[in-house]
**Q** 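If you scroll down you'll find the structure; I have some questions about it.
Order of the sequence lines fixes the chain letters, A, B, ..., with proteins taken first and strands second; residue numbering starts at 1 for each chain. The basis for the numbers below is simple: all heavy atoms, side chains too, and nothing from hydrogens, waters or symmetry mates.
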Number of protein chains: 2
Amino acid sequence: MKISELSRRTGVPVASIKYFRREGLLPAGRATAATLAEYGEEHVQRLRLIKALTTLGGLSIAATRDVLATVDQAENTDKTLEAISYALPVPVTAASAGDADRDAAAESAAAADVMDLIAAMDWQVPGTSPHVRGLTTALRELRRLDADYRPERLVAYAELAHSIARLDLERAAAFDDSPALAEQAVIVLALSGPMLELLRRLAQEDQVRRRGADHPDAE
Amino acid sequence: MKISELSRRTGVPVASIKYFRREGLLPAGRATAATLAEYGEEHVQRLRLIKALTTLGGLSIAATRDVLATVDQAENTDKTLEAISYALPVPVTAASAGDADRDAAAESAAAADVMDLIAAMDWQVPGTSPHVRGLTTALRELRRLDADYRPERLVAYAELAHSIARLDLERAAAFDDSPALAEQAVIVLALSGPMLELLRRLAQEDQVRRRGADHPDAE
DNA sequence: CAGGGAAGATACTGCCACTATCCAGTAGCT
DNA sequence: AGCTACTGGATAGTGGCAGTATCTTCCCTG
């Protein structure tokens, strides 16, 4: 199909399709002449995946490119899962120093909390993992706010996070070694977070409403 | 204290403090003269909260303003919790039509799945809730991708989301009617998501590494 | 063989979150 | 009183991101 039909089929403007090609998110069509190329179903599917990762997953164009690159280089299941896990952007990144040095105490206290948590959960992750650094940064900020995020609290959340990760991995590995593995794994690993967030917000809304209904005092 | 000291104490540039004031995120200092104002500890705390909501919570300046406005209007516990729940931005918002109409079937199928889920979980939320709409949009996109998000799958995630929401609400309500309630509730409700996401990613990393270690075949 | 797409390159736009500059008007020291 | 560093407020500018538009060249189709 021609680019105009690809655009019509996916609802993505032609200019945007060209943009995604430029940015390396979408492979070029099969050129049939200097100014003509043929696109196939794989382009339709890829565009849907791009839309899902950016609008649902909230990934930037650059992050989406990185993630899709790992999809295209998929070898075996384990390597693919690991590559995707590291290609996904970390939600919290350390600040640009500046005031980081001022609070070395909070920093190391937060780092200790993270280490305790990882030990308590028996998680096997290197101390250099970007996720560890992100969590440390987050705990440092929360400490500054006097928020109640002591390790005991965290463990309860960590247990639940562990259960969710197990569900995710079960699903991602269910496509074991099939050609569609990498793509489905990306969908599971990248979109599980936003889906869960939506469910959590919904559950939160339910609980808040029940509280309000239980004792409708003032007002 | 003067604005320069407020800046030094929080690590936020003076220009940014002025920006937050303009945008209504930070109340003005107590003016002591036409060109001089005095700031207090509440300004320090508010700036920390702004930083936490934007950098950790990922909220935009506009969303942060809305959330902080509900904090400042806090009356009683239940109302405050409800107000915050609705002031927080919904992660997934419906697209701008366009290709929405093309897929009315997927749309209604997704809506039916969401209704089934809410019924199965016995959640009390109005069908007009932004979270319901967001979830519907997300499921529609996932259906297009042929992703495995059938209701049975979703229920497992929903149960976990429910547990998390219960933990959140317990914490948010623990500050019951104290003056700090609203602020702590915001921290819990707005930052629980990012914290959980970080923990989930960490747990995911652990699981991926264990898989890789269990059977280190090719390489 | 004329006209409408198509491809690729380049330039432009709109939004966001700051950041910098400018303009008085003090505060506080001498 | 005079000087200077700093302040609040207004306004303008910056850089990054995600597209969107334009322009040129080319060539398939009717």
**Q** Working to the nearest 0.5 angstrom, can you tell me the gap between A:R21 CZ and A:K18 NZ?
**A** 9.5 Å

**Q** Looking at B:R9 and B:M1, would you say the former's side chain and the latter's main chain have a donor-acceptor pair under 3.5 Å?
**A** no

**Q** If each of A:R22 and A:A34 is mapped to the nucleotide of DNA chain D with the nearest heavy atom, which maps nearer the 5' terminus, i.e. the 5' end?
**A** A:R22

**Q** Should B:S16 be listed as having a side-chain N or O under 4.0 Å from OP1 or OP2 of C:dA17?
**A** no

**Q** Taking the minimum atom-to-atom distance to the side chain of A:A33, which one of C:dC18, C:dA7, D:dC28 wins?
**A** D:dC28

**Q** Does the Lys NZ or Arg CZ of B:R171 fall within the cation-pi geometry relative to A:Y149 - under 6.0 Å from the ring centre and within 45° of the axis?
**A** yes

**Q** Return the nearest nucleotide to the side chain of A:A15; candidates are D:dA18, D:dT20, C:dT19.
**A** D:dT20

**Q** Need one value for A:T32: base, sugar-phosphate or nothing, where a base atom within 4.0 Å counts as base even if backbone is also close, heavy atoms only.
**A** nothing

**Q** Specify the separation, in whole Å, of atom CD1 of A:I50 and atom P of D:dA18.
**A** 13 Å

**Q** According to a strict under-4.0 Å criterion, is A:Y39 in side-chain N/O contact with OP1 or OP2 of C:dA7?
**A** yes

**Q** NZ of B:K2 versus P of C:dG25: gap in Å, rounded?
**A** 20 Å

**Q** Which nucleotide sits closest to the side chain of B:L36: D:dT20, D:dT7, C:dG5?
**A** D:dT7

**Q** Look at A:R144 together with A:E141 and state whether they make a salt bridge at an N to O cut-off of under 4.0 Å.
**A** yes

**Q** Given atom CZ of B:F20 and atom C1' of D:dG9, what is their separation to the nearest angstrom?
**A** 17 Å

**Q** For a quick test of reading the model: is some side-chain N or O of B:T35 closer than 4.0 Å to OP1 or OP2 of C:dA27?
**A** no

**Q** Using atom CZ of B:R21 as one end and atom P of C:dT19 as the other, report the distance to the nearest whole Å.
**A** 18 Å

**Q** Using a 4.0 Å heavy-atom cut-off, does B:T54 contact any base of the nucleic acid, only the sugar-phosphate backbone, or nothing at all?
**A** nothing

**Q** Quick one: the side chain of B:K18 and the base of D:dG8, do they pair up donor-acceptor inside 3.5 Å?
**A** yes

**Q** Would you indicate what A:A37 reaches in the nucleic acid, counting non-hydrogen atoms under 4.0 angstrom: base, sugar-phosphate, or nothing?
**A** sugar-phosphate

**Q** In whole angstrom, give the distance that lies between atom OH of B:Y19 and atom P of D:dA10.
**A** 16 Å

**Q** A:L88 and side chain to side chain contact (heavy atoms under 4.5 Å, CB included): which partner among A:V186, A:T70, A:V67?
**A** A:V67

